[in-house]
There are 4 protein chains.
Amino acid sequence: METNILRGAEKVFAEFGFHGSTMDRIADNVGISKQNLLYYYPSKERLYRTVLQNIVDLWLERMTFADEPSQSPEQIIANYVRGKLELSRDYPTASKVFAMEVIAGAPIIKDYLQTRLKPLFDKDIKLVRRWVRNKQLSSIKPEHLFFSIWAMTQTYADFSVQIELMMGKPKLEQKDFDHATEFLTTMILRGIVDPK
Amino acid sequence: METNILRGAEKVFAEFGFHGSTMDRIADNVGISKQNLLYYYPSKERLYRTVLQNIVDLWLERMTFADEPSQSPEQIIANYVRGKLELSRDYPTASKVFAMEVIAGAPIIKDYLQTRLKPLFDKDIKLVRRWVRNKQLSSIKPEHLFFSIWAMTQTYADFSVQIELMMGKPKLEQKDFDHATEFLTTMILRGIVDPK
Amino acid sequence: METNILRGAEKVFAEFGFHGSTMDRIADNVGISKQNLLYYYPSKERLYRTVLQNIVDLWLERMTFADEPSQSPEQIIANYVRGKLELSRDYPTASKVFAMEVIAGAPIIKDYLQTRLKPLFDKDIKLVRRWVRNKQLSSIKPEHLFFSIWAMTQTYADFSVQIELMMGKPKLEQKDFDHATEFLTTMILRGIVDPK
Amino acid sequence: METNILRGAEKVFAEFGFHGSTMDRIADNVGISKQNLLYYYPSKERLYRTVLQNIVDLWLERMTFADEPSQSPEQIIANYVRGKLELSRDYPTASKVFAMEVIAGAPIIKDYLQTRLKPLFDKDIKLVRRWVRNKQLSSIKPEHLFFSIWAMTQTYADFSVQIELMMGKPKLEQKDFDHATEFLTTMILRGIVDPK
DNA sequence: GATGAATGAGAATTCATTCAT
DNA sequence: CATGAATGAATTCTCATTCAT
């Protein structure tokens, strides 16, 4: 039941934002009464926090490099992009809720990002810097590489409506994600690795 | 006065979303009374639509290539990226309002995007296709190029809080936008132009 | 168990009044679950009535003179005052619940007071009148004697917070009740008995 | 309007206590809409505090001796009792609200009593002590004199229902207050002044 | 233009109570 | 006896909006 609720709530939060979502609508969406919803989550904010927490946990796990020392920078980055795109494909509403929270100034998860994401980010930055020093990558600012990858991959979830509109189709298909993967990995890798 | 109101409203809408923004807060932000605000804009939705309209106009103008037949693809794309980044730097709240609207499913501006942006987008796509055909660009899917550029440039406005957190600074500076410009243009161009 | 519940409920009712008391809080106070509380008392009003019933029974028993024909008026009145003060000392929360009920207009116990207390009161009034006729007491209105005694003795329970505040101590002690007894009996008896 | 509201609210608070009073009922009582009530007092607690504040101000003013150095202790005390009884007669609902607040532990006005009433009380206590030392009064504990007078005079407001029930009349009349005044002043003065 | 007063339509909670197990 | 789940009926409070001045 709790899982059902969280799924339904996530969908509503993604569409209406925190303030625009009503407990009534969420309850409807889950198929229970508003009071029963409040039985499980004693307040809207608590429910939102729980939804957000789950999302952030899922997110953090994939916002940093998998530690695979045996792989080349190219392989690691390609895998990373692929993983992020899969996340956008499989959890689009989660991505939207996360996006809205951050755009609105991350009032709830600021601390969490600071204490949890930042250290992992710093570690990854160092790794990319080493690759640059070793001439495995061209001379780039690693921070911006990450901001770009995050943006480009998450946009397929967050801005899906715009993308669908531009593509002239009602829903993104697997094929589109394949193309995105192909495009992004190719562009990024060619863009940041010096030609031999 | 109207301009003042729109500026204030935009800021509030960016932070709280449509539903989370109250006429009271907007009025406060502008420095007038709620009733006076309603004198200028007879309803909250009307105010929101006006804000959004202004944003979209600004946006559309820059979401497509400037028509400069004398320039090379590289120059056009580089200018485009630069322009989009300037927009993010100069109108971050506008960008956020636009982003929230689109993430929420573009309930208000869907039609507008369909009728106004889509044709321009199609035209640009054709242009890029021609460049590809002429081997001026490598063999890429043009749609994804646009989605990526939009995402990467707008992220400096929309996700500024996250970026600032990761950079460990309270506010993005001109220098950061310079680095972003440098990084993005370099990566994109190297990424989509075959080495000679 | 029932006794435990009644004790806990009385405490809560005394602090929050009928409307301000929740079954949850009472259950908490007793150390059982709300549903279990409802197993013993099927409704909040039923519980309140029971609490009140017990209090009123205790009260009525002491709101009238003990029938001791062998004693002098002075002795009877002194004993009465003493007894009422002991009641305030030993059952302060009961007194408070009773007080709140009466102040609020006695919606529940009006009938009970009418049918049970009134006759006893009338009997006592007659007795005091006889004493007055016999010159054992000075010429007073007996009703007001009772209202005064009730008020003065119950105030040590009902207004204990104010009294403690004025006395500058966290809790009334036995000594304070001794002083009150001494003061009240002396003042009352000197006040209503003609000096010889 | 504000005065109307406060009067109506006082009546409702006196009958139902803070928790039992609803904004709806108060609004009804005043003859305005609930929302309009909230326009004037933005929350129930704020309204209650205001009502209580007014009452306490009225109360404090009369809970201590008027400073009349020219008068004898007997005169001062008699006037004091008279004044308190008038207060009970003229502001019975105010008295009830005050009583309920104190009985419930004075959650709101504890501080106020501590900082405002206590100093005045201490001053009066000292004055009575001097009278005792000067043999103008018999050897009594002054604190208890005050607690008793407060209780005896306020009971005609707070416990009016019980008193009316015992007197067998629907409402206390001026005559009853005259009798109470007569009874109380006589009993108290004879009770605390040594016969000459 | 500007502002005080008023209100209808929600929305989040609270809480007593019921039901099934 | 005890407890998790569920709900109807309030109740407080918010907020856009209207109206009169």
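Chain A is the first sequence line, chain B the second, and so forth, proteins listed ahead of strands; every chain is numbered from 1.
- F/dT11 atom P lies 12 Å from atom CG of D/Asp28, rounded to whole Å.
- Around atom OH of C/Tyr41, more than 12 heavy atoms belonging to other residues, nucleotides or ligands sit under 6.0 Å away.
- E/dA12 atom P lies 17 Å from atom CZ of A/Arg46, rounded to whole Å.
- Here B/Ser33 reaches the OP1 or OP2 of E/dT3: one of its side-chain N or O atoms lies under 4.0 Å away.
- For B/Gln35, the side chain to side chain contact (heavy atoms under 4.5 Å, CB included) partners two or more places apart in sequence, or in a different chain, are B/Ser33.
- Here the shortest heavy-atom pairing between C/His19 and D/Phe16 reads CD2-O, 3.8 Å.
- Residue A/Gly8 comes nearest to A/Asn29 through the heavy atom pair CA-OD1, 4.0 Å, listed as atom of the first residue, atom of the second, then distance.
- Between A/Tyr39 and the phosphate of E/dT14, there is no side-chain N or O to OP1/OP2 separation shorter than 4.0 Å.
- Note on A/Asn36: a side-chain N or O is less than 4.0 Å away from OP1 or OP2 of F/dT7.
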| request: Report, as a single string ordered 5' to 3', how protein heavy atoms within less than 4.0 Å touch nucleotides 13-18 of chain F: B base, S sugar-phosphate only, - not at all. | output: BBSBBB
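- The interatomic distance linking A/Arg25 (CZ) with E/dA12 (C1') rounds to 15 Å, in whole Å.
- In this structure, B/Val12 and B/Ser21 approach most closely via the heavy-atom pair O-OG, 3.3 Å.
- Not counting sequence neighbours, the partners of D/Arg49 by the salt bridge (Lys or Arg N to Asp or Glu O under 4.0 Å) test are D/Glu45.
- The local environment of NZ in C/Lys44 is crowded, with over 12 non-hydrogen atoms from other residues, nucleotides or ligands closer than 6.0 Å.
- Helical stems involving DNA chain F, defined as 3 or more consecutive Watson-Crick or G-U pairs under 3.5 Å, span E:2-21 with F:2-21.
- Rounded to whole angstrom, the span from the CD1 atom of B/Ile32 across to the C1' atom of E/dG1 amounts to 11 Å.
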Atom pairs and distances, side-chain donor-acceptor, residues 93-110 of chain A, under 3.5 Å, sequence neighbours left out:
residue: A/Thr93; atom: OG1; partner: A/Glu10; partner atom: OE2; Å: 2.5
residue: A/Ser95; atom: OG; partner: A/Asp158; partner atom: OD1; Å: 2.6
residue: A/Lys96; atom: NZ; partner: A/Ser160; partner atom: OG; Å: 3.4
residue: A/Glu101; atom: OE1; partner: A/Tyr48; partner atom: OH; Å: 2.7
residue: A/Glu101; atom: OE2; partner: A/Ile108; partner atom: N; Å: 2.7
residue: A/Glu101; atom: OE2; partner: A/Ile109; partner atom: N; Å: 3.1

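- Here E/dT13 presents its C1' atom at 14 Å from CD1 of A/Ile26, a figure rounded to the nearest Å.
- B/Tyr112 is linked by a side-chain hydrogen bond (donor to acceptor under 3.5 Å, both in side chains) to B/Gln53, B/Asp57, B/Arg116, counting only residues two or more places apart in sequence or in another chain.
- Contact annotation: D/Tyr40 does not reach the phosphate of E/dG4 (side-chain N/O to OP1 or OP2, under 4.0 Å).
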